[in-house]
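Shown next, in structure tokens, is the structure this report addresses.
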Amino acid sequence: MKKYSILSFAVAFFFFAPLCSFAAKKDASMVNTLVAEEADRTFGIANKSLAAGDLRKAANYFVSAYKLAFSIDDTDLLTRICLSSISFKIASVSMGYDEAHLSGTYLASSTAELFDKAVMFSKFPGNSNGAVLSGVCEIYSVRLALSEGKSDYQGYISVLTSAEKVLSKETNYLAQLYRTKGDVYMRSGNYASARDFYQKSADMNTKNKVLGEIGMDWYNVARSCSLGGKKKDAINAIEQAIKYDRDAENTSGLGADYLAYAKILMKGNPSEDEKSLARKFAEWSSFIYDAGDFASDAEKARKYMDSIF
């Protein structure tokens with residue numbers, strides 16, 4: 001499923017798309033790849049579980065992937081695991097997840113410690129993908145700063161623009177970079193620029209057929225339009241988010257989409273028909289959340305429905 005897993009309009013900003021997994025490319029006639037393939041598969045499951053909001057499952061698979069990657073000296077994968085784990089830690093705080101069972105594992109590290117590990121792994125001798133991963137680390141340095149409430153927006157845009165040069169041929173990472181630029185502009189109140197970069201991320205993820213991320217991009221487009229006073233455009237965008245999240249079978253994403261749709265409809269001076277539809281969508285959001293066992297989010301959706309008069 002994906003990103004804004006818990007997901008109300010307000011907290012979606014903090015959910016970072018996990019790094020895409022990609023299998024180790026090795027000459028099977030010269031080396032064994034069984035552990036590498038299992039490590040990559042495990043990392044992929046961890047990311048999908050994180051995107052779906054299943055943090056316990058994600059944690060277990062992240063820990064397994066980390067051990068497997070270390071067992072075969074794969075600093076490339078270790079870098080990516082640590083970066084995705086930053087997303088896990090931020091989601092964990094936002095969702096109030098109990099991390100007691102993670103004691104003694106690498107996931108007991110703070111986000112800052114995980115970032116330092118990622119940088120170290122990316123620069124470790126023998127990491128042939130180090131230059132690209134260093135660029136990805138720059139994206140995460142901005143994401144971390146934003147999650148900590150820091151506001152050097154011009155500085156963050158400069159960092160991302162520099163990283164874009166390094167990642168110019170890495171389209172999956174470029175989509176993340178564009179989304180992060182959108183986040184910076186959103187935080188700074190420049191909703192028009194935010195929309196432009198969220199749209200660029202949507203276009204790139206659509207081109208790359210990264211189905212699990214497209215709905216989030218359109219959700220962000222809707223959010224930027226709504227906050228920028230473009231109600232009609234926001235409605236068009238959130239309908240696109242619903243389409244792609246439905247295609248991706250993203251339960252938490254759909255719950256967030258319908259609740260966002262309700263809130264968009266209530267912008268300005270809503271008509272009685274808009275109020276009626278907003279109540280219906282908020283209730284529908286609660287049904288979807290309940291179906292996915294997102295009890296607290298379902299309750300928030302019901303409370304919002306009850307607030308509509």
Side-chain angles (χ1 to χ4, degrees), residues 2-4 12-22 25 47 51 75-77 79-87 90 111 114-116 118-124 127-148 150-221 223-225 228 237:
K2 101 195 154 240
K3 55 267 138 300
Y4 35 86
F13 167 81
F14 292 99
F15 287 84
F16 305 148
L19 291 176
C20 300
S21 64
F22 50 88
K25 296 179 180 179
N47 278 328
T75 52
D76 182 305
L77 182 55
T79 304
R80 293 183 283 123
I81 290 171
C82 285
L83 291 176
S84 281
S85 297
I86 292 171
S87 300
I90 294 173
T111 53
L114 287 168
F115 180 74
D116 288 343
V119 172
M120 184 269 287
F121 290 138
S122 73
K123 295 180 178 180
F124 200 81
N127 191 335
S128 60
N129 203 32
V132 168
L133 290 173
S134 291
V136 179
C137 285
E138 294 290 1
I139 298 175
Y140 271 75
S141 72
V142 172
R143 290 175 165 175
L144 269 177
L146 291 174
S147 73
E148 294 168 356
K150 297 178 181 177
S151 57
D152 181 16
Y153 303 128
Q154 288 188 332
Y156 303 151
I157 293 298
S158 295
V159 167
L160 294 171
T161 299
S162 295
E164 188 172 354
K165 298 173 185 177
V166 178
L167 300 173
S168 60
K169 296 181 180 179
E170 306 291 334
T171 55
N172 284 330
Y173 294 139
L174 273 180
Q176 294 184 45
L177 186 147
Y178 292 148
R179 182 184 291 171
T180 304
K181 272 194 173 182
D183 290 341
V184 173
Y185 283 121
M186 276 290 288
R187 179 65 71 86
S188 71
N190 187 340
Y191 303 125
S193 292
R195 174 185 181 174
D196 290 342
F197 280 100
Y198 288 143
Q199 186 68 65
K200 289 183 73 170
S201 180
D203 292 344
M204 188 156 288
N205 279 324
T206 301
K207 181 179 179 180
N208 294 336
K209 299 181 180 180
V210 187
L211 182 60
E213 296 300 315
I214 304 171
M216 179 57 170
D217 289 324
W218 280 107
Y219 177 93
N220 283 331
V221 171
R223 190 162 57 105
S224 59
C225 290

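Everything numeric here is computed off the predicted structure, so don't read it as measured data.
Figure legend: cation-pi geometry between Arg143 and Tyr140, with NZ or CZ positioned under 6.0 Å from the six-membered ring centre and within 45° of its axis.
Defined by atom type and a distance below 3.5 Å, a donor-acceptor pair is missing between the side-chain atoms of Asn172 and Gln176. Using modelled atom types and a 3.5 Å distance limit, the side chains of Gln199 and Tyr178 yield no donor-acceptor pair.
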Residue pair Arg80, Asp76: steps toward the salt bridge (charged side-chain N to carboxylate O under 4.0 Å, His left out) verdict: CA-CA 7 Å; Arg80 293 183 283 123; Asp76 182 305; 2.9 Å; yes
Working for side-chain hydrogen bond (donor to acceptor under 3.5 Å, both in side chains), residues Thr161 and Lys181: CA-CA 9 Å; Thr161 299; Lys181 272 194 173 182; 3.2 Å; yes
Working for side chain to side chain contact (heavy atoms under 4.5 Å, CB included), residues Thr171 and Lys207: CA-CA 9 Å; Thr171 55; Lys207 181 179 179 180; over 6 Å; no
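Distance check: Phe121 CZ to Cys137 SG gives 11.0 Å after rounding to the nearest 0.5 Å. Going from atom CG of Asn129 over to atom CG of Leu77 covers 11.5 Å, rounded to the nearest 0.5 Å. Atoms OG and CD1, from Ser85 and Ile90 in turn, are 11.0 Å apart once rounded to the nearest 0.5 Å. Distance check: Ser162 OG to Ile157 CD1 gives 11.0 Å after rounding to the nearest 0.5 Å. In this structure, Lys123 NZ and Ser134 OG are separated by 6.0 Å, a value rounded to the nearest 0.5 Å. Taken to the nearest 0.5 Å, the NZ atom of Lys209 stands 11.0 Å off from the CG atom of Leu211.
When each of Thr180, Asn220, Asp217 is checked for a side-chain contact (heavy atoms from CB on, under 4.5 Å) with Ser201, only Asp217 meets the rule.
Classified by interplanar angle (parallel below 30°, tilted 30° to 60°, perpendicular above 60°), the ring pair Tyr185/Phe197 is parallel.
Between Thr79 and Ala118, the closest heavy-atom pair is CG2-O, 3.5 Å. The shortest heavy-atom contact between Tyr173 and Leu167 is CB-CD1, 4.1 Å. The two residues Leu133 and Asn127 make their nearest non-hydrogen contact at CD1-ND2, 3.9 Å. For Ala131 against Val166, the heavy-atom pair with the smallest separation is O-CG1, 3.4 Å. The shortest non-hydrogen separation linking Lys150 to Arg187 is O-NH1, 4.3 Å. Of all heavy-atom pairs spanning Tyr156 and Ala145, the tightest one is OH-CB, 3.4 Å.
Of the possible donor and acceptor atoms, none in the side chain of Ser84 sits under 3.5 Å from a partner among the backbone N and O of Ile81.
Using a 4.5 Å heavy-atom threshold, the side chains of Asn205 and Arg179 count as touching.
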